[in-house]
K.L.:
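Here it is: the structure, laid out below.
Residue numbers begin at 1 in each chain, while the letters A, B, ... track the order of the sequences.
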2 protein chains.
Amino acid sequence: MAKAKRTLKWQRDPEGMRLRILEAAKQEFSAHGLAGARVDRIAAKAGANKRMLYYHVGNKDELYLAVLEGAYDKIRSEERGLDLEHLDPPEAIRRLIEFTWNYFLRNPEFLSLLQTENLARAKHLKRSTKVKSMHSPFVEMIRTVVRRGVESGDFQVAVDPVQLYISIAGLCFFYLSNSATLSVIFGRDLLAKDAKDERLAHMAGLVLAALTGRSEELLKIVKAPKSRAAVAQTV
Amino acid sequence: MAKAKRTLKWQRDPEGMRLRILEAAKQEFSAHGLAGARVDRIAAKAGANKRMLYYHVGNKDELYLAVLEGAYDKIRSEERGLDLEHLDPPEAIRRLIEFTWNYFLRNPEFLSLLQTENLARAKHLKRSTKVKSMHSPFVEMIRTVVRRGVESGDFQVAVDPVQLYISIAGLCFFYLSNSATLSVIFGRDLLAKDAKDERLAHMAGLVLAALTGRSEELLKIVKAPKSRAAVAQTV
DNA sequence: ACAGTATTTATCCAACGGGTTAATTTCTCC
DNA sequence: GGAGAAATTAACCCGTTGGATAAATACTGT
């Protein structure tokens, strides 16, 4: 309180430091991959000395794993916040797709980290008992929604929830994580607002059309208040 | 011919050497990414001296781009070999999915290279006029097939061929390129024969159900002569 | 105020890694 | 059979990088 606040060479803040290190590491690993990441850059970005990384977290590999676990922890936690109970089945599936899409959009580092880890054939993830125990609630959510949909007559078939989960993730993931190369190949910016709206509409339409048997879903615009995205071209 | 075949310290074979270098580089880059790849390892794997890489191809970046261009060249060439003209539309789409799936399965390095390049936000690909001009024939093939399908009544809607192309690629790509992390998370081997069969069936079913409006497609087994893959679970 | 501990800094280093230089060997063509 | 070009090798260069050491600084309890 009254203690003189004389200018210190540095402030002590172990928790804050640890968080800043992990955040900086997330940036660095997602931007450059594991091998491309530079420990010095992480330190600099965290406003810390390089030695701090080793003091607070561990060596490069442990740092990377900590970042990865944090990323999984975050998405699982947000996933649990999605309540589909009170929605009718088609709307529930739509929400699920929208959530996945928006989460990936809002957290591009998560996509990069996944790519990096898969490039390493999940070598690090395998060592993480923590992540192994963090099951996505989505599989069970999908199972429930699909069951309700079949019972209500909205859905025609009881599709395997794991397959559907992977499909939804895949439709979103591929477009976003590969948007750079795809944009080059198609010669247009796939991350432009219109392109993203069009994509979301297509994905929701595809899945819902398959489940409901009403192909018209494929032509509907999901949520495009003003943008007149061309979802389907004229034949 | 009659020339004495005295033991030489090395043989001359510029073309073969170049190919061996590119093949070794493909292995290395796909296994370790760009930053993780080691020039020395590439040289060793190619049975060459490190200096040869620079002599025949260029520095690490040029080597990487050459590999990437080669990979695109190869898939485009195989894609062109797919003839869908004489097939009825649903079967044509099925073939398209099967081809994509099998190509990715047979060429895992292609998936890795794509991941690596996207991690680099297509920095290298953008410099390649070569790749930019190599358009996939699939988009036009899909456009034609969809048009035929709508005309014949097989398909209910004229979906955008670009979106469908990305969706098919995405369904296959995500499962395979992320099989490592997904396998850890689900606690089972997604690359096991049964799992792969089940996945192919699901993907084809999903897309065809959406296009035809016949959701039962989602339950069909595509090509599972003996494997009794459970495509859908009981409700 | 003092001792002991937790946190942070400054500096160093051995290994590594991409790239280069220069010499050596094979080929080709006259 | 020899000159010049092409292909290949061996050895080295030098900035970078992950990690380590040791000292300095702040905090805590007594």
K.L.:
Starting at atom CE of M52(B), determine the distance to atom P of dT20(C), rounded to an integer number of angstrom.
P.N.:
16 Å
K.L.:
What is the separation between atom CD1 on I21(A) and atom P on dT7(C), rounded to the nearest whole Å?
P.N.:
11 Å
K.L.:
May I have the distance from I42(A) (atom CD1) to dT16(D) (atom C1'), rounded to whole angstrom?
P.N.:
16 Å
K.L.:
Pairs in or reaching into residues 25-42 of chain A: which pass salt bridge (charged side-chain N to carboxylate O under 4.0 Å, His left out), with residues at least two apart or in two chains?
P.N.:
E23(A)-K26(A), K26(A)-E109(A), E28(A)-R41(A), E28(A)-K45(A), D40(A)-K50(A)
K.L.:
Any donor-acceptor pair, under 3.5 Å, between the side chain of R51(B) and the base of dT21(C), if you only look at N and O atoms?
P.N.:
yes
K.L.:
Salt bridge (charged side-chain N to carboxylate O under 4.0 Å, His left out) with R76(A): which residues, sequence neighbours excluded?
P.N.:
E79(A)
K.L.:
Just to verify, what does D73(B) make a side chain to side chain contact (heavy atoms under 4.5 Å, CB included) with, not counting sequence neighbours?
P.N.:
M134(B)
K.L.:
What's the CE-P distance between M17(A) and dA6(C), to the nearest Å?
P.N.:
17 Å
K.L.:
Report the distance from atom CG of N49(B) to atom C1' of dC12(D), rounded to the nearest whole Å.
P.N.:
13 Å
K.L.:
With sequence neighbours excluded, what pairs up with P108(B) under the side chain to side chain contact (heavy atoms under 4.5 Å, CB included) test?
P.N.:
none
K.L.:
Could you note down all residue pairs passing side-chain hydrogen bond (donor to acceptor under 3.5 Å, both in side chains) where residues 51-63 of chain B supplies at least one of them, sequence neighbours left out?
P.N.:
none
K.L.:
Figure out the CG/C1' separation between L53(B) and dT21(C), and round it to whole Å.
P.N.:
16 Å
K.L.:
Closer than 4.0 Å, any side-chain N/O of H56(A) to the OP1 or OP2 of dT8(C)?
P.N.:
yes
K.L.:
Could you pull out the protein-nucleic contacts involving nucleotides 16-19 of chain C (nitrogen or oxygen on both sides, under 3.5 Å)?
P.N.:
unit_1  : atom_1 : unit_2 : atom_2 : d
dG17(C) : OP1    : R38(B) : NE     : 2.9
dG17(C) : O5'    : R38(B) : NE     : 3.3
dG18(C) : OP1    : A37(B) : O      : 3.1
dG18(C) : OP1    : K60(B) : NZ     : 3.1
dG18(C) : OP2    : V39(B) : N      : 3.1
dG18(C) : N7     : K50(B) : NZ     : 3.2
dG19(C) : OP2    : Y54(B) : OH     : 2.9
dG19(C) : OP2    : K60(B) : N      : 3.0
dG19(C) : N7     : K50(B) : NZ     : 3.1
dG19(C) : O6     : K50(B) : NZ     : 2.4

K.L.:
Taking the six-membered ring for Trp, are W101(B) and Y175(B) parallel (under 30°), tilted (30 to 60°) or perpendicular (over 60°)?
P.N.:
tilted
K.L.:
Take atom CG of L63(A) and atom P of dT17(D), then tell me their distance rounded to the nearest Å.
P.N.:
16 Å
K.L.:
Can you name the residues that form a side chain to side chain contact (heavy atoms under 4.5 Å, CB included) with A25(A), not counting sequence neighbours?
P.N.:
F29(A), I42(A), L63(A), V67(A)
K.L.:
Over how many whole Å does the gap from L19(B) atom CG to dA7(D) atom P extend?
P.N.:
14 Å
K.L.:
May I ask you to check whether T181(B) and E117(A) show a side-chain donor-acceptor distance below 3.5 Å?
P.N.:
no
K.L.:
Axis-to-axis angle across the helix from dA1(C)-dT30(D) to dC30(C)-dG1(D), five pairs an end, to 10 degrees?
P.N.:
10°
K.L.:
Sequence neighbours left out, what passes ring pair (Phe, Tyr, Trp, His ring centres under 6.0 Å) with H32(A)? Give chain and number order.
P.N.:
none
